[in-house]
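So the structure is just underneath, and the comments pick up after that.
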Amino acid sequence: MTDTLTMTRPDDWHLHLRDGDMLRAVAPETARDFGRAIIMPNLVPPVVTGAQAGAYRDRILASLPQDTKFQPLMTLYLTETTNPADVVAAHRDGLVSAVKLYPAGATTNSDSGVRDTANVMPVLEAMADAGVPLCIHGEVTDAPVDIFDREAVFIKTVLDPLRQRIPELRVISEHITTQEGVDYVMSAPENLAATITTHHLIINRNHILVGGIKPHYYCLPVAKREHHRLALRQAATSGDPRFFLGTDSAPHTDQNKLSSCGCAGVFSATNTMSCLAHVFEEENALDKLESFAALNGPAYYGLEPNPDRITLQKQPKPVSFPAQIPTHDGPVTVFDPGFDLYWSVVSNR
Ligand code: NCD
Ligand code: ZN
């Protein structure tokens, strides 16, 4: 039985760090195990210019120990007034690694997002020419569309037409949650990859709703039926280079989660590598964890893998993680996979 796994240091290709006190509380949770992360721009107000991305990057680095090797990879929040030349310049100058498209109203802090992709075509065309990747939150927001169908409908009505129109655009379909999401990526000839979160490999919609509502499992896109979870596990553990880790770790205080209108987001930064080792071992695919968490992402973004390594070890007894991360505004609950974890990262420097 394998009980030690040494692999290239992983990266997180979709992460929310927030700002201020929350940033200072949660950033070390990611920097401990991860080399880099794609940082989501959905602050209030959102990160829309290269200068704002640079300033946010400095605040992230200032929230970590001075000798940290962690590198935040910044993104710009695409709005209907984004200037194509600004985006291309921010990418050329190394200030941003990608641009993020949120359909307006799809999720937390997405009010300034895109109402109609026709209105951002000039930006997307300029991005395709300059090789700037586009990260997409793939859910429609039309009121009549059922929340469990919003990803599949987005693929048909927005993502596929967009990719037909600009096939050269490098797209990342983020946090896919459905069989349709997996199939669409597999069917694309090129320029399409997808991130998968830790929690969507572990929970389905029953975990949220059966036996009492579990607000800490509520995130967007919402977890779907079991067969979708199984499709995600198959894709993540297949080694296929088009699938890689984006935790979507999204901290909200318990006060904001445990409310009559609770926020969407699962905070998994603290125990993600343990959870993933557990899942990959269950799928007899521990040898594919490195591809999923450390190799496929940088390859798609045109970057080298991290130069250093981490070691995970399977412990004889369950390992414990803090149930909550304290912050100035209140505690943030850490993702509870619902089973004991035995894998722990024993060396991460
Ligand atoms: C994210 C957040 O809280 O910022 N929430 C979530 O449920 N994933 C926003 C997002 O990525 O959708
Ligand atoms: Zn997110």
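Ligands are counted one by one from 1 in listed order, and the atoms in each one are counted from 1 as well. It should be emphasised that the depicted structure is a prediction, and the values quoted were computed from it without experimental measurement.
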Original post:
Would you say ligand 1 has an N or O under 3.5 Å from any N or O of C219?
Top reply: no
Subject >> Nearest-contact summary for atom 8 (N) of ligand 1 - protein heavy atom, Å >> reply: D248 OD2, 2.7 Å
Original post:
Would you say E139 contacts ligand 1, with heavy atoms under 4.0 Å as the rule?
Top reply: no
**OP:** May I ask you to decide whether K288 forms a salt bridge with E283, counting only side-chain N to carboxylate O separations under 4.0 Å?
**Re:** no
Original post:
Does the cation-pi check pass for R170 over Y300, that is, NZ or CZ under 6.0 Å from the six-membered ring centre and within 45° of its axis?
Top reply: yes
Original post:
Just one of T197, N296, T198 clears the side-chain contact (heavy atoms from CB on, under 4.5 Å) bar with L245, so which one?
Top reply: T198
**OP:** Would you list the pairs meeting ring pair (Phe, Tyr, Trp, His ring centres under 6.0 Å) in which at least one residue belongs to residues 220-239, sequence neighbours left out?
**Re:** none
Original post:
Which is it for H199 and ligand 1 at heavy atoms under 4.0 Å: side chain, backbone, both or neither?
Top reply: neither
**OP:** Check whether any side-chain heavy atom of R9 lies under 4.5 Å from a side-chain heavy atom of R36, and answer yes or no.
**Re:** no
Original post:
Counting from 1, what ligand 1 atoms have a heavy atom of H14 closer than 4.0 Å?
Top reply: 11 (O)
Original post:
Which residue and non-hydrogen atom of the protein lie closest to atom 7 (O) of ligand 1, and at what distance in Å?
Top reply: L220 N, 2.8 Å
Original post:
Does K100, backbone or side chain, put an N or O under 3.5 Å from an N or O of ligand 1?
Top reply: no
Subject >> Proximal ligand 1 atoms for H137, defined as those under 4.0 Å from one of its heavy atoms >> reply: 12 (O)
Original post:
Close to the Zn ion (ligand 2), meaning under 2.8 Å, how many protein N, O or S atoms are there?
Top reply: 3
Subject >> Subset of ligand 1 atoms that lie under 4.0 Å from at least one heavy atom of T107 >> reply: 5 (N), 9 (C), 10 (C), 12 (O)
Original post:
Which residue holds the protein heavy atom closest to atom 1 (C) of ligand 1, what is that atom called, and what is the gap in Å?
Top reply: H16 NE2, 3.6 Å
Subject >> Subset of ligand 1 atoms that lie under 4.0 Å from at least one heavy atom of N42 >> reply: 2 (C), 4 (O), 9 (C)
Original post:
Checking side-chain contact (heavy atoms from CB on, under 4.5 Å) against W343, which of M273, K314, Q315 comes through?
Top reply: K314
Subject >> Per-atom contacts, ligand 1 versus A264 - under 4.0 Å to a heavy atom >> reply: 3 (O), 5 (N), 6 (C), 7 (O)
Original post:
Side chains of T333 and D254: donor-acceptor distance under 3.5 Å anywhere?
Top reply: yes
**OP:** Please determine which of T141, D142, V158 meets the side-chain contact (heavy atoms from CB on, under 4.5 Å) test together with P103.
**Re:** T141
**OP:** Determine, using heavy atoms of H252 and all atoms of ligand 1, whether some pair is separated by less than 4.0 Å.
**Re:** yes
Original post:
Side-chain donor-acceptor pair under 3.5 Å between S112 and T79, yes or no?
Top reply: no
**OP:** With heavy atoms only and a cut-off of under 4.0 Å, state how A250 meets ligand 1: side chain, backbone, both or neither.
**Re:** side chain
Original post:
Do you see a donor-acceptor pair shorter than 3.5 Å between the side chains of T177 and K224?
Top reply: yes
Original post:
Judged by modelled atom types alone, do T6 and T311 share a side-chain donor-acceptor pair under 3.5 Å?
Top reply: yes
**OP:** Answer yes or no: does atom NZ of K214 have more than 12 heavy-atom neighbours from other residues, nucleotides or ligands under 6.0 Å?
**Re:** yes
**OP:** Let me see the working for R163 and Y184 under side chain to side chain donor-acceptor pair (under 3.5 Å), right down to the final yes or no.
**Re:** CA-CA 11 Å; R163 294 193 53 262; Y184 186 66; 2.9 Å; yes
**OP:** Compute the shortest N/O to N/O distance between Y102 and ligand 1 and return yes if it is under 3.5 Å, no if not.
**Re:** no
